[in-house]
Number of protein chains: 4
Amino acid sequence: MQNQTASLPVSDTESSARSAGRPRSEASRLAILDATRRLMTHTSVRDLSIEAIAKKAGVGKTTIYRWWPNKVAVVIEAFAEQLDMHMLTAGNETPSENLARQLDRLMRQLRGRNGKIIADLLAEAQSDAKVLEQFNQFYMQSRRNAFGQTILNGQKSGEFSEALNTEMAVDMILGPIFMRLMRQEAGLDEAFAAEYPVMAIHALSA
Amino acid sequence: MQNQTASLPVSDTESSARSAGRPRSEASRLAILDATRRLMTHTSVRDLSIEAIAKKAGVGKTTIYRWWPNKVAVVIEAFAEQLDMHMLTAGNETPSENLARQLDRLMRQLRGRNGKIIADLLAEAQSDAKVLEQFNQFYMQSRRNAFGQTILNGQKSGEFSEALNTEMAVDMILGPIFMRLMRQEAGLDEAFAAEYPVMAIHALSA
Amino acid sequence: MQNQTASLPVSDTESSARSAGRPRSEASRLAILDATRRLMTHTSVRDLSIEAIAKKAGVGKTTIYRWWPNKVAVVIEAFAEQLDMHMLTAGNETPSENLARQLDRLMRQLRGRNGKIIADLLAEAQSDAKVLEQFNQFYMQSRRNAFGQTILNGQKSGEFSEALNTEMAVDMILGPIFMRLMRQEAGLDEAFAAEYPVMAIHALSA
Amino acid sequence: MQNQTASLPVSDTESSARSAGRPRSEASRLAILDATRRLMTHTSVRDLSIEAIAKKAGVGKTTIYRWWPNKVAVVIEAFAEQLDMHMLTAGNETPSENLARQLDRLMRQLRGRNGKIIADLLAEAQSDAKVLEQFNQFYMQSRRNAFGQTILNGQKSGEFSEALNTEMAVDMILGPIFMRLMRQEAGLDEAFAAEYPVMAIHALSA
DNA sequence: AGGTAACCGAGACGGTACGTCACGTCTTTAC
DNA sequence: GTAAAGACGTGACGTACCGTCTCGGTTACCT
């Protein structure tokens, strides 16, 4: 994910073609995202309300409803930059090393507040197909792709077993992490974070 | 878990000690659980409301609040029998065979409506520590224990790697399944159900 | 009108028969009516909002919606006592004298704030048949009846023309008053109030 | 009233003096009035919204706000021709005959949809002094003047009582009609229309 | 047998948030 | 300068549930 938000046009760069009418207020947009971030320090996604965001942002509710389909979309955009993970398939690593580094980075990101937000979003997604779709597009799919690529590399290099289809391999790698995330208690603690990558690589090994 | 509901005293059998006053109405209890089950065929846990249950059951809201702390607890009790998995560590199987059978049984159970309910409960649990606790006690812990035992057996027999601590091994085995469950799309389809146990066993192998 | 409000049962005196459930809160009812009266000193019926009443009364909106179908009904009940006109067909007057006295009383009542409220209600009634019905039942019909009776008396006594059917006679007597009321400018001023009864009686005379 | 709209300058004929800039769009003006008329076949003045007019007319809201102070003004202009009553004080009639004919014409006009619109406007006027003023200028005053003139003629001819000041006489003649109009039920039915002029004349008679 | 205590249904209560509508204003581009 | 387009903050709508409360009535036990 290249940090493009869902609600802003992909590119305005030179097309001009500005349609008539008062343009969207960037100030309001920022106020909304900022208010969302601030509210999220004290409440869960579940307890967050559009009304509260509007009030805190000094903005009409309609302005929010005009640009985002639901509160999850607002949260996603509000945390887009923070949660965006630049999955550079760096340098001269072996696939195993690369996988370990990616896992490490993912778990580090899921510790603390961001992890709670991701867990909340995944939870919200369970009762609304559209939200699940949003969550996948914004967050999950790009992770899956990155890990999928690394696994494919490992299979080509012979490090990882050819027996696994990539989808399942990704589930096997990421499943335990999100399991821990949602278990909350204990969760993604230091011990787990230290041990898990080794085990994950072993699980994939040829 | 032997189908003991959280809200009924463990044993009434002969202990006497009956306190004064009108006793709890079994009829109401059953009506509530039944209404919950019927409502759940058309709505998610999220959309289920105490008010709807009370209305459908022909019962006062207070009666529900008196005996259950929240709607999740009602749902859990309503589906306790159906979701209870008798994890008999049967006969003369090897630990691998046993693990495969357990995984099979679990995935079969998580297909269809029950899977949705479990996913919903896990989702609900994300925004309420008490609910998470309930969910773990009612559902997750017993599964983890059963799988944990099997893994220990496998480690003793030498089939499974000693390198894994049991907790993490359970996460590695169950994580991918709940990952699929919550991804919904595709989900725990036939293909996954057929292939996964083999891969899981491979992942644990010494 | 005997000062029976629409929302309270006509008589609780001995019927008992209290239905189950928490009884209606008299305190809330009074708070709502009081808040309505206070708000009406500064705003028109049109600008009055249920939300403002609820807030000022310290009451949930639902409590209002539970007992009154719309804001006009609340206003009507709030001003029921003040606007109730005890139309005693007193003593040893001739019908003409009686008519003059009734007209006088009516106009006196329609001066000042109450007149504005009645005009507002009549206005509100124009866009909602149910409201018109409420207004007629609460206010207009009892006035019409009272005047109608007086006119009938006058026809029997020979003072008033037999040519008039009562309905039309009432329209002829009351129409000019409400016309003035709604014209607002000048309105029911002293001059009009002094002269009109004489003219009205002349209009009806045989 | 000779069909001069309030919002168009009385005369553009040759005065030149055209100010700079794009001139007012006659097409838009007509589209707005037309849309208003069409909307009014299905909704009351109360339920009519500027937004709906703008949308239906394919016009910006600002264009409406620029030229009319409120929706009542738009409605008034939209129905100006239809409601305009050419009050010719015709020929060789006696004042009584003339009065009867005027009453007849007025009541005929107030039957059907136009009556509802007038009632709505009068209602709207109750909560806004400016609107009342508009209504009087556009509609009520010209009627009052016409009837006032006829009454004066009748007083000069000796048919009508000198005791009445004209203003009050007009209220006495028109009041009952608008009373019926606003009562809605029964309203200005055939029976009333047939009988009322006779009674009105009697009421004014010397 | 009578009293006491906890239950039950019903349903009203003060709240919070929902998603929508229309208001009247403002800010663009286009003519 | 006017026009269409359409975004903006505001405020009210009527509804759904929340969890609590207050009734009249019921059903057990414990004197």
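Lettering of chains follows the sequences in order, A, B, ..., and the numbering in each one begins at 1.
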Problem - Options dC23(E), dA4(F), dG14(F), nucleotide nearest the side-chain atoms of Y65(C) - result: dG14(F)
Practice task
Respond yes when some side-chain nitrogen or oxygen of T63(C) is under 4.0 Å from OP1 or OP2 of dG14(E), and no when none is.
Solution key: yes
Handout entry: Basic-acidic side-chain contact under 4.0 Å: E133(D), K130(D)
Key = no
Exercise for the section: Determine the contact category for S28(A): base if any of its heavy atoms lies under 4.0 Å from a base atom, sugar-phosphate if only primed atoms, P, OP1 or OP2 are that close, otherwise nothing. Expected result: sugar-phosphate
Practice task
May I ask you to decide if Q126(D)'s main-chain N or O and K116(C)'s side chain share a donor-acceptor pair within less than 3.5 Å?
Solution key: yes
Fill in the blank from the handout: Taken to the nearest whole Å, CD/E51(D) to C1'/dA12(F) is 15 Å
Practice task
Ignoring backbone atoms, test whether W67(B) places a side-chain nitrogen or oxygen under 4.0 Å from the OP1 or OP2 oxygen of dC7(E).
Solution key: no
Problem - Atom pair distance, as rounded to whole Å: NZ in K55(D) and P in dA22(E) - result: 9 Å
Handout entry: Side-chain heavy atoms of W68(C) within contact of I32(C), under 4.5 Å
Key = yes
Handout entry: Residue whose closest nucleotide on DNA chain F lies nearer the 5' end, K61(D) versus A57(D)
Key = A57(D)
Practice task
Mind calculating the distance between CD1 (I64(B)) and P (dC18(F)) to the nearest angstrom?
Solution key: 9 Å
Exercise for the section: Determine: side-chain N/O of R66(A) to OP1/OP2 of dC8(F), distance under 4.0 Å, yes or no. Expected result: yes
Exercise for the section: Could you tell me whether the phosphate oxygens of dG14(F), OP1 or OP2, come under 4.0 Å of any side-chain nitrogen or oxygen in W68(C)? Expected result: no
Fill in the blank from the handout: Between G60(C) and A52(D), the residue closer to the 5' end of DNA chain E by nearest nucleotide is G60(C)
Fill in the blank from the handout: Atom CG of D47(A) and atom P of dG19(F) are separated, to the nearest Å, by 11 Å
Handout entry: Heavy-atom check, side chain of T41(C) versus side chain of R113(C), under 4.5 Å
Key = yes
Fill in the blank from the handout: Considering only heavy side-chain atoms of V59(C), the closest of dG14(E), dC18(F), dC23(E) is dG14(E)
Practice task
Could you tell me the separation between the NZ atom of K71(C) and the C1' atom of dG11(F), rounded to a whole number of Å?
Solution key: 13 Å
Problem - Lys/Arg cation over aromatic W67(B): R29(B), 6.0 Å, 45° cone - result: no
Exercise for the section: Find the distance I50(A):CD1 to dG19(E):P and express it as a whole number of Å. Expected result: 7 Å
Problem - Rounded distance in Å - CZ (R46(D)) to C1' (dA12(F)) - result: 13 Å
Handout entry: OP1 or OP2 of dC29(F) under 4.0 Å from side-chain N/O of R22(B)
Key = no
Problem - Integer-rounded Å distance: dA22(E) P and I53(D) CD1 - result: 12 Å
